[in-house]
2 protein chains.
Amino acid sequence: MRLFKSSEYAIRSLVYMAVSGIEVCSVKTLSDALDIPYKFLGRLMSRLGAAGIVTSQQGKLGGYSITRPLHEVHLADIIDVVEGLESYDRCILGFETCDDKNPCPLHDQWSGHKDGIREMIDNVTLADLARSDCKRI
Amino acid sequence: MRLFKSSEYAIRSLVYMAVSGIEVCSVKTLSDALDIPYKFLGRLMSRLGAAGIVTSQQGKLGGYSITRPLHEVHLADIIDVVEGLESYDRCILGFETCDDKNPCPLHDQWSGHKDGIREMIDNVTLADLARSDCKRI
DNA sequence: CTATAATACCACCCGGAGGTAGCATATGCG
DNA sequence: CGCATATGCTACCTCCGGGTGGTATTATAG
């Protein structure tokens, strides 16, 4: 019932970039502002870059920028890159095949929650998170 | 968004004991029926015994029995013993303090799902799972 | 007594998540 | 140019969940 720490880091970093208004944001800036290990975040941002979520710019004054408009970056996009989406479609008891026709004992109780969460990460975008009035990231 | 494999094993084992009607069930029987590693399951059942979920009986014809009536054994009881309940109350972005008054950017979207899941594991009992018409465990 | 079962150790292996260190490479700017 | 700052990459480390193997003890039914 939890995100990988890497997914937390990725989401928080992107929200920070969205909210702060910094166009080109260095890993150092993110690391200091959000208290995330510098080297670890460097690798993570690099992966987000390879996936096209962010664009990198090397050299002095370099850093990362969010590639697409904020309302086009869904939580599921980020989570997919960082940890994959397998666990969000998985049977809670681990059965390979588990659906309405051939359910596990917990299927009826669980599928509603699973679908709700899946819908959440599919629909919520960085724009939504940036709009939220909360100031902690 | 997933149980530890140990929790899956524990729930499936207890559901099997409840459904099969076997009063005293050996680890060997469970291991064979549910395809769970024998040694691993032995350690797990021992922990469930120490926590009072099941009662053990040594010697030939020995094994484990579910201590309390089925409708008094909640999923949360089992999960608590096996993996702990920390992750079920945790902020999804990892903040120590995150509530309605001091939310993280995802709090509003997440808390509903979190509460729903917590309510599920608090309310669903072995009796509910045993009653489900599904035959796969 | 013997076979079976739980109980209690132990040592070990594997893979993945999280994290650290060093070095190479790119680039803006004095 | 030359330096500082930045990304990019490889290797390595620790911790933990999951899993295997062994050995010995205790309890009990037949």
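Residue numbers begin at 1 in each chain, while the letters A, B, ... track the order of the sequences.
The distance between atom NZ of K28(A) and atom P of dA4(D), rounded to the nearest whole Å, is 16 Å. Between the OH atom of Y64(A) and the P atom of dT27(C) there is a distance of 14 Å, given to the nearest Å. The distance from atom CZ of R47(A) to atom P of dT7(D) is 17 Å, rounded to the nearest whole Å. Straight-line distance from the CG atom of L30(A) to the C1' atom of dT7(D): 13 Å, rounded to whole Å. Note: CG (L61(B)) to P (dA27(D)) measures 17 Å, nearest angstrom. At whole-Å resolution of the value, CG in L48(A) and C1' in dG8(D) are 15 Å apart. Put simply, OH on Y38(A) is 11 Å from P on dT5(D), counting in whole angstrom units. Atoms CE (M45(B)) and C1' (dA8(C)) sit 17 Å apart, rounded to a whole Å.
The residues D128(B) and R131(B) are annotated as salt-bridged, a charged nitrogen and a carboxylate oxygen being separated by less than 4.0 angstrom. The residues R90(A) and E8(B) are annotated as salt-bridged, a charged nitrogen and a carboxylate oxygen being separated by less than 4.0 angstrom.
Side-chain atoms of H107(B) and D100(B) form a donor-acceptor pair, as typed in the model, at a separation below 3.5 Å. A donor atom on one side chain and an acceptor atom on the other are not found under 3.5 Å apart for S7(B) and R2(B).
Considering all non-hydrogen atoms of both residues, L41(B) and S13(B) come closest at CD1-OG, 3.6 Å. The heavy-atom pair separating H71(A) from T125(A) by the smallest distance is O-CG2, 3.3 Å. Annotation for I36(B) and S31(B): closest pair O-OG, 2.7 Å, computed over non-hydrogen atoms.
Using a distance-only test at 3.5 Å, with no hydrogens or angles considered, no donor-acceptor pair links the side chain of S65(B) to the main chain of T67(B).
Side-chain to base pairing of K60(A) with dG30(C): no donor and acceptor N or O lie closer than 3.5 Å to each other.
Looking at residues 51-58 of chain B, you'll see S56(B), Q57(B), Q58(B) sit with a heavy atom under 4.0 Å from some atom of DNA chain C.
Nucleic acid contact class of G63(A) (heavy atoms, under 4.0 Å, all strands): sugar-phosphate only. Among the protein residues, G49(A) comes within range of no part of the nucleic acid, since none of its heavy atoms lies under 4.0 Å from any strand.
Summarising the geometry, atom CG belonging to N123(A) is positioned 6.5 Å from atom NE2 belonging to H74(A); distances are rounded to the nearest 0.5 Å.
Taking only side-chain atoms of S26(A), from C-beta outward, the nucleotide of dG22(D), dA6(D), dC9(D) with the closest atom is dA6(D). Taking every side-chain heavy atom of K39(B) into account, dT23(D) is the closest of dA6(D), dT23(D), dG30(D).
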Listed pairs, N/O of protein and of nucleotides 10-19 of chain C, under 3.5 Å:
unit_1, atom_1, unit_2, atom_2, d
dG18(C), OP1, K5(A), N, 2.5
dG18(C), OP2, S6(A), OG, 2.9
dG19(C), OP2, Y9(A), OH, 3.0
dG19(C), N7, R43(A), NH2, 3.1

